[in-house]
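Reading through the structure tokens given below for one structure.
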2 protein chains.
Amino acid sequence: MANGTTLTKGAKANSRDAILDAAERLFANSGFEGTSMRSIAEAAGVAQALLHYHFGTKERLFAEMFTRRSEAINAARIKRLDSLFAQGVPTLEEVLDTLLRPLIELGHDESRGGSYFSRLVVSVAADRDPRSCALIADNYDPLARRFISALMRVLPGLKEADAVRGYLFVIGVGMTIMAPTGRLNRLSGDRCDDADIESMVDHAVPFAAAGLRSFAAGAVTAGTPEGGLQ
Amino acid sequence: MANGTTLTKGAKANSRDAILDAAERLFANSGFEGTSMRSIAEAAGVAQALLHYHFGTKERLFAEMFTRRSEAINAARIKRLDSLFAQGVPTLEEVLDTLLRPLIELGHDESRGGSYFSRLVVSVAADRDPRSCALIADNYDPLARRFISALMRVLPGLKEADAVRGYLFVIGVGMTIMAPTGRLNRLSGDRCDDADIESMVDHAVPFAAAGLRSFAAGAVTAGTPEGGLQ
DNA sequence: GTCTATAGTTCGATAGAC
DNA sequence: GTCTATCGAACTATAGAC
């Protein structure tokens with residue numbers, strides 16, 4: 001956003017977008033510290049000095065790259081969530097699918113930039129560095145609040161504290177999908193494929209739904225009263 | 001392990017362990033690329049050259065640090081799992097508690113080294129870099145196979161593919177606990193605290209148990225047949 | 001085992017021409 | 001808006017004395 005030129009959007013592949021695309025791919029593969037401004041400039045086909053002209057510092061380049069795609073993904077999620085509730089109260093599964101699928105799909109869009117962002121957002125979300133925490137707070141907290149209240153609407157018994165905790169657990173399950181490392185394939189003897197996003201989401205949604213319903217049923221308050229834990 | 005000196009263990013705080021402790025703390029806070037050998041040497045109170053004398057390269061130092069605590073954590077998990085099955089077939093909740101709690105507890109041990117490792121293992125587990133994947137495979141795949149078969153024993157209806165997927169989803173939920181960023185506090189208006197590990201595990205276990213039971217019930221096979229998704 | 005000193009590389013950022 | 005050239009700092013790793 002705020003392109004600086006007259007064009008706000010379009011097919012014109014300017015150098016600014018080329019830099020952001022290259023940065024997204026390289027940052028996702030090697031992290032913030034592991035990626036050099038030199039390598040980004042080379043991948044984008046521009047001089048290194050141009051990166052500093054457009055973004056000032058490496059940190060601001062990272063933040064703009066992160067915000068750019070976060071906004072696209074969250075706009076798609078909010079739009080789907082709104083259209084869901086426009087037709088009445090949706091099912092829990094529909095809400096969870098709306099939460100997880102756009103991030104997965106847009107994070108794996110191979111056509112442009114793609115396939116890298118979902119991995120990147122996992123490492124930023126798990127990072128305790130204040131800069132990473134600020135990036136998550138700015139880009140994802142408003143969305144989180146929308147979905148937490150949506151969860152409470154579709155699951156009447158769910159208390160707010162459990163909705164928040166449950167939301168974060170769902171994000172944790174989603175992280176498994178967003179960072180396909182090949183481990184699922186290895187551990188399953190190649191019977192499963194963690195690169196098969198559709199299948200992963202199709203399993204993650206009912207898993208998360210069952211977990212949340214157990215919260216709504218009031219199963220957990222103090223040490224699982226009748227579950228027999230320890 | 002393989003200390004090099006006559007001492008295999010003990011109170012003797014040799015420089016080798018001091019280096020590993022400092023490395024654990026700094027790598028967890030700033031990542032592999034973001035941590036310099038200089039800063040580790042300084043934190044350990046030794047010359048930088050000593051790091052290379054003991055470990056050769058930065059990469060091998062990281063691997064030894066990672067393996068050291070992984071072995072301690074997984075030994076505790078296996079020991080608890082074995083003692084659980086020695087008394088008959090445990091509950092699903094007991095198995096999940098055994099999977100999650102030692103990593104959390106040992107990862108948050110403030111007394112020595114501590115509190116850092118659990119954050120570190122999250123970033124390594126989510127990393128797609130072949131070196132990180134190898135570290136996870138070497139240190140955690142044997143444990144994963146043990147727990148996956150344990151899940152199938154305590155949940156008779158659970159197919160192996162779903163057990164593997166479910167195991168990874170549980171690890172995803174656990175990641176939420178292992179990387180406390182303060183986000184839970186913020187989103188809940190300080191009604192919850194993600195630094196309260198006990199409470200987090202007490203909620204994560206029933207959440208994960210409900211998710212796994214839904215797999216065992218055969219609720220998911222092809223697009224959630226009767227759930228009404230989309 | 002532990003140190004000092006340093007070689008050799010790469011980094012983020014800037015200056016200044018066009 | 002884009003480039004070439006370069007500064008000064010930081011990095012990993014090694015050499016060699018003790």
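Quick note on labels: first sequence line is chain A, next is B, and so on, each numbered from 1.
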Name the atoms and distances for all side-chain donor-acceptor pairs under 3.5 Å in residues 121-128 of chain A, with sequence neighbours left out.
from, atom 1, to, atom 2, distance (Å)
A:S123, OG, A:L120, O, 2.9
A:D127, OD1, A:D129, N, 3.2
A:D127, OD2, A:S132, OG, 2.9

Please list, one pair per line, the donor and acceptor atoms closer than 3.5 Å that link side chains of residues 43-51 of chain A to other protein atoms, with sequence neighbours excluded.
none

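Open room surrounds CD on A:E42; 12 or fewer heavy atoms of other groups in view lie less than 6.0 Å from it.
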List, with names and distances, any nitrogen or oxygen atoms from the protein found under 3.5 Å away from nitrogen or oxygen atoms belonging to nucleotides 3-8 of chain D.
from, atom 1, to, atom 2, distance (Å)
D:dC3, OP2, A:A47, N, 2.7

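Atom pair B:H52:NE2 and D:dT14:C1' shows a separation of 8 Å (rounding to whole Å applied). At whole-Å resolution of the value, CZ in A:F62 and C1' in C:dG12 are 16 Å apart. Spacing between atom CZ of B:R16 and atom P of C:dT2 amounts to 11 Å, rounded to whole angstrom units. Protein atom CD of A:E33 is 14 Å distant from nucleotide atom C1' of C:dT10, rounded to whole Å. At whole-Å resolution of the value, CG in A:D17 and P in D:dT2 are 11 Å apart. A:L61 places its CG atom 15 Å from the C1' atom of C:dC11, with the value rounded to the nearest Å. At whole-Å resolution of the value, CD1 in B:I40 and P in D:dA10 are 17 Å apart. Taking atom CG of residue B:N14 and atom C1' of nucleotide C:dT2, one finds them 13 Å apart after rounding to whole Å.
When the side-chain nitrogen and oxygen atoms of B:S15 are compared with OP1 and OP2 of C:dG1, none of them lie within a distance under 4.0 Å. The shortest distance between the side-chain N/O atoms of B:S36 and the OP1/OP2 oxygens of D:dA10 is not below 4.0 Å.
No engagement by B:S39 is indicated, since no non-hydrogen atom pair under 4.0 Å with the nucleic acid exists.
The residues B:R191 and A:D162 are annotated as not salt-bridged, no charged nitrogen and carboxylate oxygen being separated by less than 4.0 angstrom.
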Can A:M178 and A:M200 be said to form a side chain to side chain contact (heavy atoms under 4.5 Å, CB included), step by step? CA-CA 10 Å; A:M178 294 178 231; A:M200 291 298 285; over 6 Å; no
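Relative to the side chain of A:H54, the nucleotides C:dT2, D:dT2, C:dG12 differ in distance, and D:dT2 lies closest. Across C:dA13, D:dA13, C:dG1, the shortest atom-to-atom separation from the side chain of B:Y53 is found for C:dG1.
When ring centroids are compared, B:F117 and B:F66 come within the 6.0 Å threshold.
Cation-pi geometry between B:R131 and B:F32 is met: under 6.0 angstrom from the ring centre, within 45 degrees of the axis.
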